[in-house]
Amino acid sequence: MTDFNRSVLPDAVRSNGATPNPWWANAVVYQIYPRSFQDTNGDGIGDLKGITSRLDYLADLGVDVLWLSPVYRSPQDDNGYDISDYQDIDPLFGTLDDMDELLAEAHRRGLKIVMDLVVNHTSDEHAWFQASRDKDDPHADWYWWRPARPGHEPGTPGAEPNRWGSYFGGSAWQYDPKRGEYYLHQFSRKQPDLNWENPEVRKAVYRMMNWWMDRGIDGFRMDVITLISKHLDSHGRLPGEVDSELSEGEIGEEGYTDASPFCSDGPRLDEFLAEMRREVFEGREGYMNVGEAPGITPERNEFITDPAHEELDMLFLFDHVGVDQEGSKWNTVPFEVRNLRARLADQQEAVRNAGWASLFFCNHDQPRVVSRWGDDSDRESRELSAKAFGMLLHMHRGTPYIYEGEELGMTNAHFTKLDQYRDLEAINAYRQRVEEARCQSPESMMAALALIGRDNSRTPMQWDASRYAGFTAADAATEPWIGVNPNHVEINAAEEFDDPDSVYGFYKKLIAMRHGNATVATGEWNLVAADSEQVYSFTRTGGDDTILVMVNLTGRTARVPAEVARLLGNGVSESQVLLSTYDAVHGVKSIARGELARWEGVVIQL
């Protein structure tokens with residue numbers, strides 16, 4: 001990869017504690033959901049050739065790394081996160097030759113490619129799992145197999161090894177008649193968990209990862225990697241199994257116990273991640289490894305991403321994207337600025353001395369932030385709130401991640417019927433909570449799906465105003481795999497590409513600041529006005545350079561907090577306004593009045 005978009009950070013600038021600074025310390029990552037990005041063959045599903053055809057757009061935006069959600073061979077039970085062959089491309093997306101072409105063309109433009117990798121579990125159609133169904137096969141212990149509970153008929157309710165529930169609804173155990181035992185699946189029943197306690201499993205995973213690295217990819221984003229180590233008692237039994245020394249906890253409203261305390265951040269996680277680092281990445285340069293980290297605290301993030309511990313470069317934490325949920329994911333509560341600020345502040349403070357933060361609001365598992373916490377009710381509100389949340393995120397210390405369409409201010413799907421959804425999690429959750437456990441009303445569940453369901457981020461990329469938003473040909477015989485958002489007529493790349501005042505133009509400025517300003521990339525982060533109900537403000541400091549960021553995250557006028565006003569002294573000039581969600585003149589006048597307009601954000605050179 002070239003550094004044509006980025007200045008190289010001098011070693012005098014401290015990033016994550018490593019020397020020299022890692023190349024990604026002032027980089028920006030762009031996530032692509034291949035199924036929804038660009039369809040070139042008219043089958044209604046995006047493909048690798050489609051991504052290659054849009055590389056110039058991504059290079060113009062200025063991003064450095066492209067993270068691809070899974071494109072491996074898969075039955076697509078969970079849209080590719082159920083992998084049946086790690087070393088092949090699913091025909092839906094193309095071929096290995098198409099992947100090699102994408103790598104070559106991306107590298108020619110100075111862009112790196114990071115692949116999504118799922119090794120907590122495989123598909124039940126993977127050869128490893130099929131072999132493990134035979135108790136005499138060498139793969140027999142590659143997954144978490146357990147017998148039925150004594151005194152119960154195998155395959156009947158209550159015979160499961162323990163009462164863990166799956167994240168996708170129902171029991172976390174599935175009976176297999178061929179083997180005569182149950183296997184553990186934290187997610188879909190077609191996603192059996194790999195047994196990382198078995199060293200042969202780990203060796204096979206590392207061989208596969210090396211195969212991809214040798215092929216030329218630039219690293220991995222590893223799905224739910226912090227779930228690979230399970231808590232076991234002294235006899236190797238899981239919590240809640242017969243005679244286990246560990247209790248599995250209380251049964252919840254859906255009729256199951258929660259597996260997450262026993263599968264998240266397990267006792268051997270650091271050992272496994274350090275081993276992976278040695279076996280796959282040691283001796284290589286220019287790569288990036290990122291882990292999705294359910295159950296990880298900010299303090300643990302510091303440890304795992306500290307270069308001295310040689311585990312992962314970055315983690316995705318989730319505490320901040322749960323601030324509008326209480327108890328169940330599907331029990332939503334109003335967004336409050338103070339809650340988001342508290343969670344992000346914890347993350348920033350934890351990596352003050354070592355380690356690194358991943359910065360994100362949106363991805364393939366999260367709804368569109370402009371609809372979730374912003375205001376997409378009209379064009380002006382949508383654009384302003386999209387810019388406000390973009391500014392807030394990108395001015396923090398860490399590596400920012402942009403999810404496809406976020407740079408355009410794309411909104412939630414606003415689906416109103418269950419049959420419009422394609423996501424397994426959403427469909428299963430509705431059945432589990434509304435129809436079976438009856439712990440949530442149909443109206444409440446549909447409202448929750450419309451606000452935070454994963455399909456909100458998976459509608460086709462909005463390239464232009466044509467029938468299918470330019471995602472596939474307007475006269476294609478096959479409709480896109482999921483409905484196109486009708487607002488693509490107003491919100492699309494063609495409309496925004498040449499407009500410097502668009503959301504797209506604003507994101508280009510954010511990325512340029514990350515590349516060219518060492519204080520934005522790595523400067524110290526310090527919170528200001530921690531009690532404001534509307535304004536989120538902080539400073540970034542590098543040496544003698546200090547930048548103030550303040551953003552009104554509401555649709556109402558807000559007073560400039562007193563602590564911020566003291567920093568501003570006698571006001572600011574237009575030349576001090578580095579960026580504004582309105583413009584520099586507007587920002588200067590707002591500060592002079594001591595207030596911020598709705599969704600107004602300003603970055604000020606002090």
Side-chain angles (χ1 to χ4, degrees), residues 35-36 75-79 81-82 121 124 155-160 162-175 182 184-191 224 240 248-261 263 294 318 321-335 362-369 371-373 376 411-459 481-483 485-486:
R35 171 181 287 267
S36 297
Q76 302 296 320
D77 183 62
D78 186 25
N79 286 1
Y81 284 86
D82 50 316
H121 49 266
D124 65 347
T156 63
E160 297 86 359
N162 68 15
R163 295 173 296 181
W164 281 354
S166 160
Y167 297 120
F168 284 0
S171 172
W173 295 95
Q174 179 68 26
Y175 181 68
Y182 289 85
L184 174 67
H185 60 92
Q186 292 186 74
F187 298 90
S188 161
R189 63 177 179 81
K190 290 183 67 63
Q191 293 172 297
V224 295
E248 61 184 313
E250 299 297 320
I251 295 177
E253 63 180 355
E254 295 181 14
Y256 299 95
T257 57
D258 183 6
S260 59
C263 297
F318 292 101
V321 291
V323 296
D324 55 358
Q325 299 160 353
E326 193 173 80
S328 164
K329 169 179 179 175
W330 307 108
N331 181 28
T332 60
V333 296
F335 169 75
C362 302
N363 62 32
H364 66 289
D365 284 335
Q366 301 295 329
R368 299 287 182 178
V369 70
S371 300
R372 183 182 195 176
W373 298 334
D376 65 3
T411 72
N412 276 1
H414 299 301
F415 290 152
T416 57
K417 300 176 181 178
L418 190 63
D419 64 9
Q420 292 175 289
Y421 290 92
R422 302 290 179 266
D423 178 29
L424 185 70
E425 180 191 46
I427 296 168
N428 284 357
Y430 186 94
R431 182 176 65 245
Q432 176 74 28
R433 297 182 63 79
V434 175
E435 298 175 354
E436 296 180 9
R438 298 187 178 183
C439 60
Q440 192 160 354
S441 70
E443 297 77 15
S444 170
M445 190 67 195
M446 290 303 297
L449 290 175
L451 180 65
I452 58 174
R454 300 194 302 179
D455 276 343
N456 285 302
S457 62
R458 299 177 180 185
T459 56
W481 71 278
I482 192 171
N485 196 320

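Hydrogens, waters and symmetry mates play no part in the numbers below; they use all other heavy atoms, side chains included. Please read these numbers as outputs of a predicted model, since none were measured by experiment.
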Partners meeting side-chain hydrogen bond (donor to acceptor under 3.5 Å, both in side chains) with [X] (sequence neighbours left out):
| X | value |
| --- | --- |
| Ser444 | Gln440 |
| Gln76 | Arg35 |
| Asp376 | Ser371, His414 |
| Glu436 | none |

Please enumerate all residues that pass side-chain contact (heavy atoms from CB on, under 4.5 Å) together with [X], with sequence neighbours excluded.
| X | answer |
| --- | --- |
| Arg163 | Glu248, Ile251, Thr257 |
| Asp77 | Asp82, Ser188, Lys190, Leu424 |
| Gln186 | Asn120, Tyr167, Asp193, Leu227, Lys230, Cys263 |

For this session: Quick one: sort the Phe335 and Trp373 rings into parallel, tilted or perpendicular, breaks at 30° and 60°.
Result: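 Plane angle under 30°, so parallel.
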Exercise. Can you name the residues that form a salt bridge (charged side-chain N to carboxylate O under 4.0 Å, His left out) with Arg368, not counting sequence neighbours?
Worked result: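 By the salt bridge (charged side-chain N to carboxylate O under 4.0 Å, His left out) rule, Arg368 matches no residue at all.
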Problem set entry | Residue list, salt bridge (charged side-chain N to carboxylate O under 4.0 Å, His left out) with Glu254, at least two apart or on another chain |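 With sequence neighbours excluded, Glu254 shows a salt bridge (charged side-chain N to carboxylate O under 4.0 Å, His left out) to Arg433, given in chain and number order.
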For this session: Search all heavy atoms of Val333 against all heavy atoms of Gln325 and return the closest pair with its distance.
Result: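 Heavy atoms only, the tightest pair is CG2-N, 3.9 Å.
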Problem set entry | Considering all heavy atoms, the nearest Lys417-Gln420 contact |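 Looks like N-OE1, 2.8 Å.
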Exercise. For Phe415, which residues count as a ring pair (Phe, Tyr, Trp, His ring centres under 6.0 Å) partner, sequence neighbours excluded?
Worked result: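 Phe415 satisfies ring pair (Phe, Tyr, Trp, His ring centres under 6.0 Å) with Tyr421 once adjacent residues are dropped.
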Problem set entry | Results of ring pair (Phe, Tyr, Trp, His ring centres under 6.0 Å) for Trp481 - residues two or more places apart only |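 Per chain and number, Trp481 pairs via ring pair (Phe, Tyr, Trp, His ring centres under 6.0 Å) with no residue.
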Exercise. Pairs in or reaching into residues 426-447: which pass ring pair (Phe, Tyr, Trp, His ring centres under 6.0 Å), with residues at least two apart or in two chains?
Worked result: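 Sorted pair list comes back empty.
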Exercise. Hey, is CZ on Arg189 packed in by over 12 heavy atoms from elsewhere, all under 6.0 Å?
Worked result: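 Count not over threshold, so no.
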